[in-house]
Number of protein chains: 2
Amino acid sequence: MAGGKAARAPREDNPTGAARGEPPVRLGPLADFIGFHLRLAQEASFRAFAQRVGDPKLKPSRFAMLTLIHENPGITQTALSRASGRDKSTLTAALDDLVQRGLVLREKDAGDRRSYRLHLTAKGRRVLARLTEKAREHDLKLDRIVGPDRKREFLRLLARIATELE
Amino acid sequence: MAGGKAARAPREDNPTGAARGEPPVRLGPLADFIGFHLRLAQEASFRAFAQRVGDPKLKPSRFAMLTLIHENPGITQTALSRASGRDKSTLTAALDDLVQRGLVLREKDAGDRRSYRLHLTAKGRRVLARLTEKAREHDLKLDRIVGPDRKREFLRLLARIATELE
DNA sequence: TATTGTTATACTCTATAACTATA
DNA sequence: TATAGTTATAGAGTATAACAATA
């Protein structure tokens, strides 16, 4: 992780993290683009989450999958793929992994035998509980950065970007 | 693009984009996590940018590279890799491509002959100008979603997340 | 004919480690 | 010894297209 972690940004006026001693890098118009800062914030959040969880196989996307299955027991792979915005073909390998680790159960639908119904196993629920706890801690840190009074507004704006841009 | 574009989200109360007619998917705790919405917003922004630009090789990361080179003429690859938060090895291929397309010039540093100094070519500047224009249009749309009065605050929060999380 | 899920395949992005050429 | 950049290699994530089973 040594090389890639160079994205550290020691202070506000040096957001892209030029190393100590060097002249700071100019951002030009990037400095005012929401999209650019969205990317930096998302990457930072992603890395912080991964680091907190530890398991390199349980990234935010896997956490989201487990949550979606837990919250929508019996969801089909196609529905899950739509909900997570990925093609169904990309789910096969991820689910294979989750099933093999004993976290998810695939069972044939009795009515429509083309479909699988997805559920969490008891172990899956335990792992999800732990992950959710980690995610809560992680998000608490984000809350503190944003400020508790601004959180709802901030969430609303992010959600609007996601929905109105597609 | 048909399959993967299923991530559309037709209305606010159905943020993950379950298809028409189907019961909406429950998000559970994800609904309140900043990290989750950060990811959705970033992906939506990324896709919208790519679609607006057209050229599948000129994604936001390439745009950022070109801008950073333009704003910091003569920057070395290592400095650029730090500024963009990626390992230097990942830059080789991207720069090869940009050089081959005639957008970027790699020239040996006279003083330290291990280093390259990066510059944009005239064509590179033209392409960057076009990209910047597209990026401005794209970001204007984001501005409108966020609201002009809230933009500075929103940018500040995103930047704080990126800097304080690492 | 259409849909569910899988497979084959390919492309991109990223990282680590080992290498070279310099310093 | 240390640094700049390249190469070799690997892994994750994504997509499209073709396919088998089922509807």
Side-chain angles (χ1 to χ4, degrees), chain A residues 1-7 19-22 39 42-43 46-47 50-51 55-65 74-100 104 106-118, chain B residues 1-7 19-22 39 42-43 46-47 50-51 55-65 74-100 104 106-118:
Chain A
M1 188 168 270
K5 283 299 281 153
R20 34 324 37 139
E22 293 178 16
R39 180 159 70 99
Q42 198 270 328
E43 286 176 356
F46 188 100
R47 289 182 185 186
Q51 191 173 359
D55 187 334
K57 288 287 236 166
L58 292 178
K59 304 236 176 69
S61 65
R62 297 295 170 89
F63 168 58
M65 283 176 64
I75 190 173
T76 65
Q77 294 188 194
T78 299
L80 180 59
S81 91
R82 271 195 294 265
S84 39
R86 310 261 128 76
D87 189 84
K88 57 190 163 71
S89 72
T90 69
L91 256 60
T92 304
L95 284 170
D96 283 351
D97 176 59
L98 294 174
V99 167
Q100 198 202 316
V104 168
R106 261 184 187 125
E107 56 178 29
K108 281 271 188 218
D109 185 317
D112 184 341
R113 304 202 342 152
R114 294 170 302 181
S115 297
Y116 284 112
R117 295 293 174 171
L118 302 172
Chain B
M1 185 169 273
K5 282 300 282 154
R20 37 320 37 143
E22 292 178 16
R39 182 159 69 98
Q42 198 271 327
E43 287 177 355
F46 189 100
R47 290 183 185 188
Q51 191 174 358
D55 188 333
K57 290 287 237 169
L58 292 178
K59 304 238 176 65
S61 65
R62 296 294 170 90
F63 168 58
M65 284 175 63
I75 191 173
T76 66
Q77 294 190 193
T78 300
L80 180 59
S81 90
R82 272 196 294 265
S84 40
R86 309 261 128 76
D87 189 84
K88 56 189 162 70
S89 71
T90 69
L91 256 62
T92 304
L95 283 171
D96 282 351
D97 175 59
L98 294 174
V99 167
Q100 198 202 314
V104 168
R106 262 184 188 124
E107 56 178 28
K108 281 271 188 218
D109 184 318
D112 184 341
R113 305 204 341 154
R114 294 170 302 181
S115 297
Y116 285 113
R117 297 291 174 172
L118 302 172

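Every value quoted in this text rests on a predicted model; they were computed, and no experiment measured them.
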Whole angstrom value for the distance that separates P of D:dA4 from CG of B:L91: 13 Å
Whole angstroms only, please: what is the CG-C1' distance between B:D87 and D:dT6? 12 Å
Output the single nucleotide from C:dT6, D:dA4, D:dT22 whose closest atom is nearest the side chain of A:R113. D:dT22
Measure from CZ on B:R62 to C1' on C:dT14 and round the result to the nearest Å. 13 Å
Of A:K57 and A:K108, whose nearest nucleotide on DNA chain D comes first from the 5' end? A:K57
Grab the CG-P distance between B:L80 and D:dT3 for me, whole Å please. 19 Å
Let me know the distance between OH of B:Y116 and P of C:dT22, rounded to the nearest Å. 10 Å
Testing C:dT6, C:dT12, D:dG5 for proximity to the side chain of B:K59, the answer is C:dT12
Derivation of the salt bridge (Lys or Arg N to Asp or Glu O under 4.0 Å) call for B:K57 and B:D55: CA-CA 5 Å; B:K57 290 287 237 169; B:D55 188 333; over 6 Å; no
Report yes if a donor N or O on one partner sits less than 3.5 Å from an acceptor N or O on the other, where the partners are the side chain of B:R114 and the base of D:dT3; otherwise report no. yes
Using a cut-off of less than 4.0 Å, is there contact between a side-chain N or O of B:S115 and OP1 or OP2 of C:dT22? no
Whole-Å distance separating the CG atom of B:D97 from the C1' atom of C:dT14: 17 Å
From B:L95 atom CG to B:Q77 atom CD, the distance as rounded to the nearest 0.5 Å: 5.0 Å
Whole-Å distance between C:dT7 P and A:L95 CG? 12 Å
Can you tell me the distance, in whole Å, between the CG atom of A:D109 and the P atom of D:dT22? 13 Å
Please assess A:R106 against A:D96 for the test salt bridge (Lys or Arg N to Asp or Glu O under 4.0 Å), listing each intermediate value before the final yes or no. CA-CA 9 Å; A:R106 261 184 187 125; A:D96 283 351; 3.0 Å; yes
Both A:E43 and A:T92 contact DNA chain C. Which one's nearest nucleotide lies toward the 5' end? A:T92
When we call it a touch if two heavy atoms are under 4.0 Å apart, what does A:S89 touch: a base, just sugar-phosphate, or nothing? base
Would you indicate, yes or no, if C:dC13 has its OP1 or OP2 atom less than 4.0 angstrom from a side-chain nitrogen or oxygen of A:R39? no
Picking from C:dT4, D:dG5, D:dG13, the nucleotide nearest the side-chain atoms of A:K88 would be C:dT4
Any Lys/Arg nitrogen of A:R39 or A:E43 sitting under 4.0 Å from an Asp/Glu carboxylate oxygen of the other? yes
Is A:T90 touching bases, backbone alone, or none of the nucleic acid, heavy atoms closer than 4.0 Å? base
